[in-house]
S.K.: 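Next up is a structure, given as structure tokens.
Residue numbering restarts at 1 for every chain, and letters A, B, ... go by the order of the sequence lines. Computed from a predicted structure; not experimentally measured.
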2 protein chains.
Amino acid sequence: MLSRSDRGLAYGDGLFETLRVGADGRVPLWPRHRARMLAGARRLAIPLAAGELERALAAQLRDHGAEAGVVKLVLTRGSGGRGYLPPARPEPTLFGQWFPLTAEPRDHLLHGVEIGLCDTVLPDDPFAGLKHLNRLPQVAARAEAGRHGWREGLLLDRHRCPVEATSMNLFAVFGDLLWTPSLERAGVAGVARDWLLDIARDQGWRVEVRARPLSHLRRADGIFLTNSIVGLLPVRKLAQWAWPMNPHILRWQQLWRAQFND
Amino acid sequence: MLSRSDRGLAYGDGLFETLRVGADGRVPLWPRHRARMLAGARRLAIPLAAGELERALAAQLRDHGAEAGVVKLVLTRGSGGRGYLPPARPEPTLFGQWFPLTAEPRDHLLHGVEIGLCDTVLPDDPFAGLKHLNRLPQVAARAEAGRHGWREGLLLDRHRCPVEATSMNLFAVFGDLLWTPSLERAGVAGVARDWLLDIARDQGWRVEVRARPLSHLRRADGIFLTNSIVGLLPVRKLAQWAWPMNPHILRWQQLWRAQFND
């Protein structure tokens with residue numbers, strides 16, 4: 001249970017991480033998750049030591065033994081009085097939650113999914129990149145995807161440039177170029193996204209991180225989404241556009257599985 | 001206490017109202033507060049009946065008797081599993097909290113306050129107008145005001161047009177014109193703001209609700225802020241600009257006091 005005066009509830013004044021736990025009890029990308037939450041906490045001026053994160057995760061792993069699942073870690077600025085002003089000496093709230101892992105259907109991973117274009121516009125975010133607790137645009141966009149029966153919904157910014165899906169980052173392959181949108185003004189800098197960018201650079205790919213208009217996607221050789229739960233999810237169809245399966249995406253999927261026993 | 005899986009915490013998926021309770025147990029502007037939260041709940045598709053709001057407020061008033069104070073009402077979409085998708089049949093969370101009333105110093109009300117200009121830019125908000133639980137920009141802006149020792153901080157949008165203060169709406173008097181920023185793209189549509197707009201229209205003022213650049217404020221005959229806790233708070237100084245006390249602002253303050261026994 002949580003205090004009703006927690007600032008995480010009152011203002012979304014906090015951060016979260018969603019981690020995949022393998023059946024072997026290992027947590028893929030944990031150092032990247034930890035680094036992101038520590039950086040976010042610094043940015044929001046919420047005191048947090050790396051050891052506290054380790055302990056919160058360890059408690060979940062201890063309670064659930066050798067079981068595959070999903071751990072969510074939530075950090076908030078803790079309780080405060082009424083009003084936006086952060087307390088001078090915050091006593092942060094940090095806790096973990098365990099969720100069952102819903103495996104992505106094999107057909108989705110092999111043949112791709114159909115996604116749609118959300119009407120909800122992703123607004124500029126003064127805390128772009130952070131996985132913070134202000135997520136109303138994502139809630140609205142995910143509700144749209146649900147109404148339409150899409151596996152995911154793509155969010156555009158006010159310039160009609162795609163930024164991300166509701167809970168996954170976006171990539172496209174153009175020849176020997178791997179592209180993903182810049183997240184300087186909005187979006188969550190996913191740890192699976194970071195992992196793939198490093199891999200692709202190491203493999204000698206040209207990597208481009210910048211805003212591109214939606215129309216560019218049409219010319220892509222392949223489109224896919226990433227997050228740390230699913231890994232790489234190919235996109236087969238977006239509205240009236242369709243893409244064939246791209247061999248590079250399948251190879252990165254194999255690399256993901258090999259690296260994380262997935 | 002609150003469930004750790006409440007979507008109010010997870011995503012800021014909810015709304016709040018902050019009500020002033022007079023020593024006589026009356027709640028100024030209650031019908032406007034109630035209407036705003038009901039409209040917000042409809043907009044977010046959170047089921048809420050007016051009777052539930054009445055009961056949550058009545059419970060607070062019963063517990064605290066004939067005592068002046070502040071009641072905060074919080075509504076969320078309730079608990080949900082992991083993921084942004086709203087549950088098909090949400091069971092909303094609704095509760096009230098009681099806070100002591102901190103009276104605004106008489107000197108502030110009579111002679112105005114000094115405010116500052118926040119560096120935090122108020123982003124466009126797909127849910128502009130609503131008093132929702134995604135308030136990180138306000139937290140950042142209020143922290144700025146705190147560091148500088150300002151009574152309030154003024155927030156500009158990306159076009160450098162003033163929108164509101166961190167917890168108060170903005171007004172200016174230009175001759176026989178009463179101006180307040182449009183809140184179509186960002187900001188909270190305050191109930192004290194609504195009250196004053198109705199009063200001013202009834203009094204025959206020309207009323208203008210639109211975006212104006214910051215530079216226009218310099219030429220104003222008077223600047224003030226409003227919310228339902230403080231009423232009307234004159235602004236004496238903003239950065240290098242200063243305004244004399246404006247008799248119209250003082251008259252609206254008297255009207256506020258007369259109407260609400262304040």
Side-chain angles (χ1 to χ4, degrees), chain A residues 1-14 16 18 44-45 70 72 74 76-77 80-86 88 93 95-97 99-100 102 119-128 130 132-143 145-146 153 158 166-167 185-186 229, chain B residues 1-14 16 18 44-45 70 72 74 76-77 80-86 88 93 95-97 99-100 102 119-128 130 132-143 145-146 153 158 166-167 185-186 229:
Chain A
M1 300 298 277
L2 183 86
S3 162
R4 283 177 167 182
S5 55
D6 196 281
R7 294 174 59 97
L9 172 73
Y11 309 127
D13 192 3
F16 70 111
T18 309
L44 295 182
V70 172
K72 184 170 173 178
V74 178
T76 81
R77 205 183 305 272
R82 199 182 64 77
Y84 295 123
L85 186 68
T93 300
F95 63 87
Q97 289 173 294
F99 295 92
T102 312
D119 289 330
T120 303
V121 172
L122 197 62
D124 287 2
D125 180 353
F127 299 102
L130 270 57
H132 57 62
L133 299 173
N134 277 206
R135 291 288 156 216
L136 272 176
Q138 282 73 22
V139 170
R142 189 62 191 78
R158 60 190 163 84
T166 67
S167 61
R185 284 204 304 251
I229 307 299
Chain B
M1 298 299 276
L2 184 86
S3 162
R4 283 178 167 183
S5 55
D6 196 281
R7 294 174 58 96
L9 172 73
Y11 309 127
D13 192 2
F16 70 111
T18 309
L44 295 182
V70 172
K72 184 170 174 178
V74 178
T76 82
R77 205 183 304 272
R82 198 181 63 78
Y84 294 124
L85 186 67
T93 300
F95 63 86
Q97 290 172 293
F99 294 92
T102 313
D119 289 330
T120 303
V121 172
L122 197 62
D124 287 1
D125 180 354
F127 299 101
L130 270 58
H132 57 63
L133 298 173
N134 278 205
R135 291 288 156 217
L136 272 176
Q138 282 73 21
V139 170
R142 189 63 190 77
R158 60 189 163 85
T166 67
S167 62
R185 284 205 304 251
I229 307 299

S.K.: Taking side-chain hydrogen bond (donor to acceptor under 3.5 Å, both in side chains) as the test, write out the residues that go with B/D125, two or more places apart.
M.R.: B/H132
S.K.: Contact part of A/T76 toward chain B, heavy-atom cut-off under 4.5 Å: side chain, backbone, both or neither?
M.R.: side chain
S.K.: Heavy-atom cut-off 4.5 Å, strictly under: side chain, backbone, both or neither for A/R185 against chain B?
M.R.: neither
S.K.: Taking the side chain as every heavy atom from C-beta outward, state whether A/L9 and B/L2 have any atom pair closer than 4.5 Å.
M.R.: yes
S.K.: Output the distance between atom CZ (B/R7) and atom CG (A/L136), rounded to the nearest 0.5 Å.
M.R.: 9.5 Å
S.K.: Check each atom of A/Q138 against the heavy atoms of chain B and say whether the ones under 4.5 Å are side chain, backbone, both or neither.
M.R.: both
S.K.: How far does CG of A/L85 sit from CZ of B/R142, to the nearest 0.5 angstrom?
M.R.: 4.5 Å
S.K.: Top residue by heavy-atom pair count (under 4.5 Å) with chain B, among A/A88, A/A141, A/A10?
M.R.: A/A10
S.K.: Of the backbone (N, CA, C, O) and the side chain (C-beta and beyond), which part of A/L122 lies under 4.5 Å from a heavy atom of chain B, both, or neither?
M.R.: neither
S.K.: Heavy-atom pairs under 4.5 Å with chain A: which of B/P126, B/A145, B/A140, B/G146 has the most?
M.R.: B/P126
S.K.: Go through A/A45, A/S5, A/P86, A/G14 and name the one with the most non-hydrogen pairs under 4.5 angstrom from chain B.
M.R.: A/P86
S.K.: For the pair A/R4 and B/V74, evaluate side-chain contact (heavy atoms from CB on, under 4.5 Å) and give the outcome as yes or no after the intermediate values.
M.R.: CA-CA 9 Å; A/R4 283 177 167 182; B/V74 178; over 6 Å; no
S.K.: In terms of heavy-atom pairs under 4.5 Å, which option from B/F16, B/F127, B/F95 contacts chain A the most?
M.R.: B/F95
S.K.: Quick one: what part of A/V139 sits under 4.5 Å from any heavy atom of chain B, side chain, backbone, both or neither?
M.R.: both
S.K.: Look at A/Q97, A/R158, A/K72 and state which one has the largest set of heavy-atom pairs under 4.5 Å with chain B.
M.R.: A/R158
S.K.: Which residues pass the side-chain hydrogen bond (donor to acceptor under 3.5 Å, both in side chains) test with B/T18, sequence neighbours left out?
M.R.: none
